[in-house]
2 protein chains.
Amino acid sequence: MTRERSPLTPESSVPTLADVARRANVSTATVSRCLNSPDQVIERTRNRVMDAVNELGYAPNFSARALAARHTNTIGAVIPTMDNAIFARGIQAFQEELGRHGFTLLVASSSYKEALEEEQIRTLAARGADGLLLIGYHRNPALHEFLRARSVPALVAWAYEVDSDIPAIGFSNRNAMADLARLVFEKGHRDIGMISADTKGNDRARDRLAGVRLAAREAAIDVDRMPVIETTYSIESGMQAFRQIMGWTPRPTAVFCGNDVLAIGALKAAKEMGLSVPEDVSITGFDDIEIASLAEPALTTVHVPHREMGRRAAGMLIDMVTKRTVPESVELQTDIRLRRSLGPPKT
Amino acid sequence: MTRERSPLTPESSVPTLADVARRANVSTATVSRCLNSPDQVIERTRNRVMDAVNELGYAPNFSARALAARHTNTIGAVIPTMDNAIFARGIQAFQEELGRHGFTLLVASSSYKEALEEEQIRTLAARGADGLLLIGYHRNPALHEFLRARSVPALVAWAYEVDSDIPAIGFSNRNAMADLARLVFEKGHRDIGMISADTKGNDRARDRLAGVRLAAREAAIDVDRMPVIETTYSIESGMQAFRQIMGWTPRPTAVFCGNDVLAIGALKAAKEMGLSVPEDVSITGFDDIEIASLAEPALTTVHVPHREMGRRAAGMLIDMVTKRTVPESVELQTDIRLRRSLGPPKT
DNA sequence: TTGTATGCGTTATCAA
DNA sequence: TTGATAACGCATACAA
């Protein structure tokens, strides 16, 4: 049930620049200057204005300001989901750094849907974002055209390709996964499987799979027979996929997971199936989220510096919007965290 | 290193309503209507306008629209941090529901800093948020005054107090924790300790502590001698606090943690100290994040329906801004998940 | 150092 | 059903 808004609360109208100006006996221009470039106005009048501002509880109207100034000091970010520690963590660092430089962050999440991402990008541009942080390269090229036409710079994060002409900060998902896979093959595994996120529309997932295949070819393993199950990122789906993949013939002795969440699911399923890890089967993840080192057994995975990526992305983007330059892409280093979940296969 | 923006990319100016109007041979008013209330314009002209829109790649300028329309279809949320699964999850659900109703979400995080939260609230209001989602009750009352003056409705989440006059959706942190504590005392524990988040400026933390004290008094346990360590929400600080609290005399046989993250830290520290849980010491958490059931031993904790809270909060807030009503607060039910980490004390 | 005047891109009121 | 036109609240070029 709801009750009517009390009529005792009149919509006392919100003070505007003009109100402040009137009260301080100056022009609106002067008030504006006090707020935006205080050093351009003499102290005496500035104090008078500031007093008026406080007495009235004035706060500038953002829309009006954006409309007039043609910039917003706002950076937009479109991420697949907030409900994943890696993005949450990276974006938190991203925002902290932006805040330090007087920028505000607008986040939108696309739920891993390409169409939604496109819409969010257009929305953020329309809202006057001065710059955009995007995850991965995969999207309609027309979008980058769109952004270029409106001259809103965009930075790609969580991915890195040497030969791309759009600036990025990230790492090579392919190489990182290949490194991990090489280690697995060195342990002696020949029968492997992979649980991946949907590879259509997710270039990071695709690259990680490619990394496994690359290393497999190097180890002269028949890649075509490798079972690959694509599913969504959740513990539950990781469990299902693992049960399914362990039914394959020959049964894998090592299972690569596209990220730690899936790997945790796999670990859990293994436990339920009475399989011990790594004795019966090795399991690896990707991301090194907190839970990876706490799992039982602890998870072998690829460590990604999410917070550093977020922080540095902010710096790059701020440069892009303030200096109107386009930075060199930066490749971050990942490294492998070898933990108990990976061991040699049973002989 | 950076290189200059290519001069080959002229700042092709962004199309406006007027451009569309000109191309479609109608007035700007008609174009505006086509976009906002299409049924008010006859099909023939509407098609003409829409064609022009597409050909030009027109996208409305949000700031201008907000300035003229005096609302934004935007809801703001200020949360303590994104880097905590419970908020990330709740906010994700919140956003999904908002999206379903054509609203956009603006998130800001305050890093658990009261001053920053205040600033963020003012910022979101200035940006024209039609409504605000806030976490917990604790804040400068002037802020609610400020919001009322600008008539932007606010909803409190993750907390619930019967006698408050500001609408909320959440649960009683105090009662939930008291329920858990009663269970612990029923098991026979008399020597207890608590690891809490900072209780100043965080009413949820304060209420959880109060819950433990309440149940302790009921069980005739001397509350004043109970060791309470306040720290930040992280696994690392949970570990430190646990080591410290286990040095207390008498040594606790059960340790309450203010949330699951701290509890995971405590679990980890216990393992390092060679203490087995729950034989040597019982540990409890709060929130029931995913990791709680996966920990070894699995964590006894209070389950909170974060996603449901987020989803319903969105519905309430949309009602508040569209119908201008203030809803009854809703109290969500929490329940205890009894898992291995809690057992009877050694006798 | 300050003020005047204009424009930013929409929406909405009122007439036609 | 459509068109003129006046707000909306602020920033800024230019003048004083």
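The chains referred to below are lettered A, B, ... by the order of the sequence lines, with proteins before strands, and numbering in each begins at 1.
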| field | Steps toward side-chain contact (heavy atoms from CB on, under 4.5 Å) verdict (Asn73(A), His101(A)) | value | CA-CA 9 Å; Asn73(A) 270 214; His101(A) 295 268; over 6 Å; no

| field | Candidate pair Phe103(A) and Thr72(A), rule side-chain contact (heavy atoms from CB on, under 4.5 Å), full reasoning | value | CA-CA 9 Å; Phe103(A) 278 78; Thr72(A) 56; over 6 Å; no

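If you check dT11(C), dC10(D), dG3(C) against the side chain of Ser27(A), the one that comes closest is dG3(C). Out of dG3(C), dT10(C), dT2(C), the shortest distance to the side chain of Thr45(A) is found at dT2(C). Comparing atom distances between the Ile42(B) side chain and each of dT1(D), dT5(D), dA11(D) picks out dT1(D) as nearest. For Leu67(A), the side-chain atoms get nearest to dG9(C) when compared with the rest of dT4(C), dG9(C), dA12(C). With dT12(D), dT10(C), dG9(D) as the candidates, the nucleotide lying closest to the side chain of Tyr58(B) is dT10(C). For Arg33(A), the listed nucleotide lying nearest its side chain is dT2(C); candidates were dC8(C), dC10(D), dT2(C).
If you check every strand for non-hydrogen atoms under 4.0 Å, Ala69(B) touches sugar and phosphate atoms only. Within 4.0 Å of Phe62(A), counting heavy atoms only, lies no atom of the nucleic acid at all. Residue contacts for Thr30(A): at a heavy-atom cut-off of 4.0 Å it reaches the sugar-phosphate backbone alone, with no base atom in range.
When the side-chain nitrogen and oxygen atoms of Thr16(A) are compared with OP1 and OP2 of dC8(D), none of them lie within a distance under 4.0 Å. Under 4.0 angstrom from either OP1 or OP2 of dC8(D) there lies no side-chain N or O belonging to Ser63(A). When the side-chain nitrogen and oxygen atoms of Ser32(B) are compared with OP1 and OP2 of dT11(C), one or more of them lie within a distance under 4.0 Å. Distances shorter than 4.0 Å separate none of the side-chain N or O atoms of Arg70(A) from OP1 or OP2 on dC8(C). Between dT11(C) and Asn36(B), a contact under 4.0 Å exists linking OP1 or OP2 to a side-chain N or O.
Regarding Leu17(B), its CG atom lies at a distance of 17 Å from the P atom of dT5(D), rounded to whole Å. What separates NE2 of His71(B) from C1' of dA12(C) is a distance of 12 Å, to the nearest Å. One interatomic measurement links the two molecules: CZ of Arg150(B) to P of dG9(D), which rounds to 11 Å at whole-angstrom precision. The nearest whole Å value for the distance from the CG atom in Asn25(B) to the P atom in dT2(D) is 13 Å. We find that CG of Asn47(A) is positioned 14 Å from P of dT1(C), with the value rounded to whole Å. Distance Arg22(B) CZ to dG9(C) C1': 12 Å, rounded to the nearest Å. Distance Arg44(B) CZ to dT1(D) C1': 13 Å, rounded to the nearest Å. The CG-P distance, from Asn61(B) to dG7(C), rounds to 18 Å in whole Å.
Salt bridge status for Glu308(B) with Arg89(B): absent, with no side-chain N to carboxylate O gap under 4.0 Å.
Take the nearest nucleotide of DNA chain D for Ala64(B) and for Val26(B): the residue whose nucleotide is more 5' is Val26(B).
By the 4.5 Å heavy-atom criterion applied to side chains, Ile91(A) and Leu133(A) are counted as neighbours.
In this structure, the separation between CZ on Phe94(A) and NE2 on His306(A) is 16.0 Å, given to the nearest 0.5 Å.
In this model, a donor atom of one side chain and an acceptor atom of the other lie less than 3.5 Å apart for Arg65(A) and Asn36(A).
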